[in-house]
Protein chains: 2
Amino acid sequence: MTYSISDLEQLSGIHSHTIRIWEQRYKALSPMRSQGNTRLYDDRQLRKLLNIVSLTKSGFKISKICSLSDEGIDKLFDQQFSYSSDDEQADYYISQLISYGLAFDECSFNDLIDQGIYKLGLSDCYRKIIYPLLVRLGLMWRKDDICPAHEHFLCNIIRQKIFTHINNLQLTGHSGEKWLLFLPEDEDHDIGLLFASYMLRMHHHQVIFLGSKVPLDSIKRVLSTVKVSHVLFFMIKSRLASTAQKIIDQLSEICSSTKIHLAGNSEVIGKLNRIDHINWFKTLGEFEKTIQYPVLHERNF
Amino acid sequence: MTYSISDLEQLSGIHSHTIRIWEQRYKALSPMRSQGNTRLYDDRQLRKLLNIVSLTKSGFKISKICSLSDEGIDKLFDQQFSYSSDDEQADYYISQLISYGLAFDECSFNDLIDQGIYKLGLSDCYRKIIYPLLVRLGLMWRKDDICPAHEHFLCNIIRQKIFTHINNLQLTGHSGEKWLLFLPEDEDHDIGLLFASYMLRMHHHQVIFLGSKVPLDSIKRVLSTVKVSHVLFFMIKSRLASTAQKIIDQLSEICSSTKIHLAGNSEVIGKLNRIDHINWFKTLGEFEKTIQYPVLHERNF
DNA sequence: TTTTTTGTTTAAATATATTTAATAAAATTT
DNA sequence: AAATTTTATTAAATATATTTAAACAAAAAA
């Protein structure tokens, strides 16, 4: 599997021009070449680029970063983005879960995650264990400690858990608020969205869950079929500001009479324009506060 | 959303040259053009191409098909690929489920599918209702009766059901056979694979479920970590024979000491070369027979 | 401020993909 | 077997993407 320079542009959010000049000036990447001299990158190079970008965003200068050896960059990245958190118990769970994942040991993973959910409830388990686990998986891929198969394996067990909990919810009545949940066409990671679906249902909201890879056009058709109060979507991947902006503008036009909510990568969302009408959930807490309110309101009647 | 001619080539399995000559000779498609005269296709054109291809495979001549009006082609396609089956009760379920899906009425869909699973068991419900429902959804998209949002909505509820049933399996011991399940990078539809996972677990096989979009490289890493007896994957999409062959050859090299099983689109799989060492499940029945055998064998001890 | 570092813009050359058109090969029909 | 229909191959022209290189502009550091 190889990437073109425009693939890297999309995946890293760094213009191809800049990728080239980093190569020329600082030897940042050393891509293979096609027969006709076109740059070809592999996963290792993509990882390196993503790590370099993260370090620049942490304030390191590109010249300084690239003066280091590959190992030096990895070490600096390790330093800046380490696995440990402040919650010891959660860290234990996470490390243990990942070590089961690395061995593709579904039974043990399953037992331990069930235990976590049983002790904390799904909501707190997600906040304290599952979400940090997903973040760590992303980091581990970037440090080449895991491969995509590990991620797929773990994510599908987690999906299984959240789907099961959604399925087992015994809902009586609802708030009258209807939420439409989806991810745009270039997004893959639907676990956060799935958890949002669970939380909304917990709080007696109706949910239309579309999952990932939904063409924006078909959102229009949903809105013309059903009365929807809220649209929620995520932008998790790094992308070019222009790509992200295009999605926002197009969706805003479609959802002129529906409240839009957005969560995800603050690097990307922070750079967006014309989002005054959009509600940005910067934390999980903000989301929970928003969805709880209407229920309290209902209780007051 | 627009497609290039090479996108259409990948999605339909028809060479771009042929798509052009069909346009020139028979006015098969009439794509928009970019500023610089490059063909641009939309969903409507893609649908039409797919329908034309299906009709040619049914024995109609391209010249005859294209001599018809758009409506004529739709009508002929309707005739050849109609929704009805021979099982009246299943047809009732399917129509009803789809009508709930069209209205995004999750509650009703949920109740009815639960009822179907309760009456038939998940296995028979899948065979008689869910699988034909998925086939009909595909047809409906090609007839422009539904949009991607409908499909996403329904598929996620179905996913929820199968995941829940997998989660609720109480497994005691296992056969010793370990199966690795995945879809290659260009495949999306993981419901069949998920059902296969359920069936295998039912029959006390161990499963490593990776889901869709797994790079072949990382399959190698799984096989070097864990002892796997069987690898199962699907090829459902239409593609160029050469694209499909490449996947097969690459996987065969990786899985030199593991039995490979394959299921999916017989149009595509039928054209493959060098698959003597691969087991092709042509029907669901064949799959069930294969996975039952080792269990019977075990009982004989 | 001045210098250095960094990222963007521009331009011309080249590579790759697409278009058009003509021809060869294969498959079907007569 | 011959004629017809259909698909594959080839070649030259054009469109689009990528490469290289230089000049420019903005930001940060001295």
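The sequence lines fix the lettering, A, B, ..., with proteins before strands; numbering per chain opens at 1.
B/I5 places its CD1 atom 14 Å from the P atom of C/dA17, with the value rounded to the nearest Å. Atom CD1 of A/I65 is separated from atom C1' of C/dT5 by 13 Å (rounded to the nearest Å). One interatomic measurement links the two molecules: NZ of B/K61 to C1' of C/dT28, which rounds to 8 Å at whole-angstrom precision. The separation between A/L240 atom CG and C/dT8 atom C1' is 14 Å, rounded to whole Å. Distance B/L55 CG to D/dT6 C1': 16 Å, rounded to the nearest Å. Between the C1' atom of D/dT7 and the CD1 atom of B/I62 lies a distance of 11 Å, rounded to the nearest Å. Rounding to whole angstrom units, NE2 of residue B/H17 and C1' of C/dT20 are separated by 10 Å. Atom pair B/L40:CG and D/dT16:C1' shows a separation of 12 Å (rounding to whole Å applied).
For DNA chain D, the neighbouring residues in residues 18-34 of chain B, judged by any heavy atom under 4.0 Å, are B/T18, B/W22, B/R25, B/Y26, B/S34.
A salt bridge between A/E253 and A/K220 is absent, with no side-chain N of the basic residue lying under 4.0 Å from a carboxylate O of the acidic one. Under a 4.0 Å N-O distance rule, the pair A/E267/A/K237 does not qualify as a salt bridge. A salt bridge links A/D70 and A/K48; the closest N-O separation between the charged side-chain nitrogens and carboxylate oxygens is under 4.0 Å. A salt bridge links B/D78 with B/K143; the closest basic N to acidic carboxylate O contact falls under 4.0 Å.
Classified by interplanar angle (parallel below 30°, tilted 30° to 60°, perpendicular above 60°), the ring pair A/H261/A/F281 is parallel.
Neither OP1 nor OP2 of C/dA17 sits under 4.0 Å from any side-chain N or O of B/S6. Distances shorter than 4.0 Å separate none of the side-chain N or O atoms of B/N37 from OP1 or OP2 on D/dT16.
The nearest heavy atom of DNA chain C to B/T38 and to A/T56 marks one nucleotide each, and the one closer to the 5' end goes with A/T56.
Residues forming a side chain to side chain contact (heavy atoms under 4.5 Å, CB included) with B/D276 (at least two apart in sequence, or on another chain): none.
Set against C/dT18, D/dT20, D/dA8, the side chain of A/R39 has D/dT20 as its closest nucleotide.
Among the atoms of the strands shown, none is found under 4.0 Å from any heavy atom of B/S16.
B/K282 forms a cation-pi arrangement with B/W280, by the criterion of a distance under 6.0 Å to the ring centre and an angle within 45° of the ring axis.
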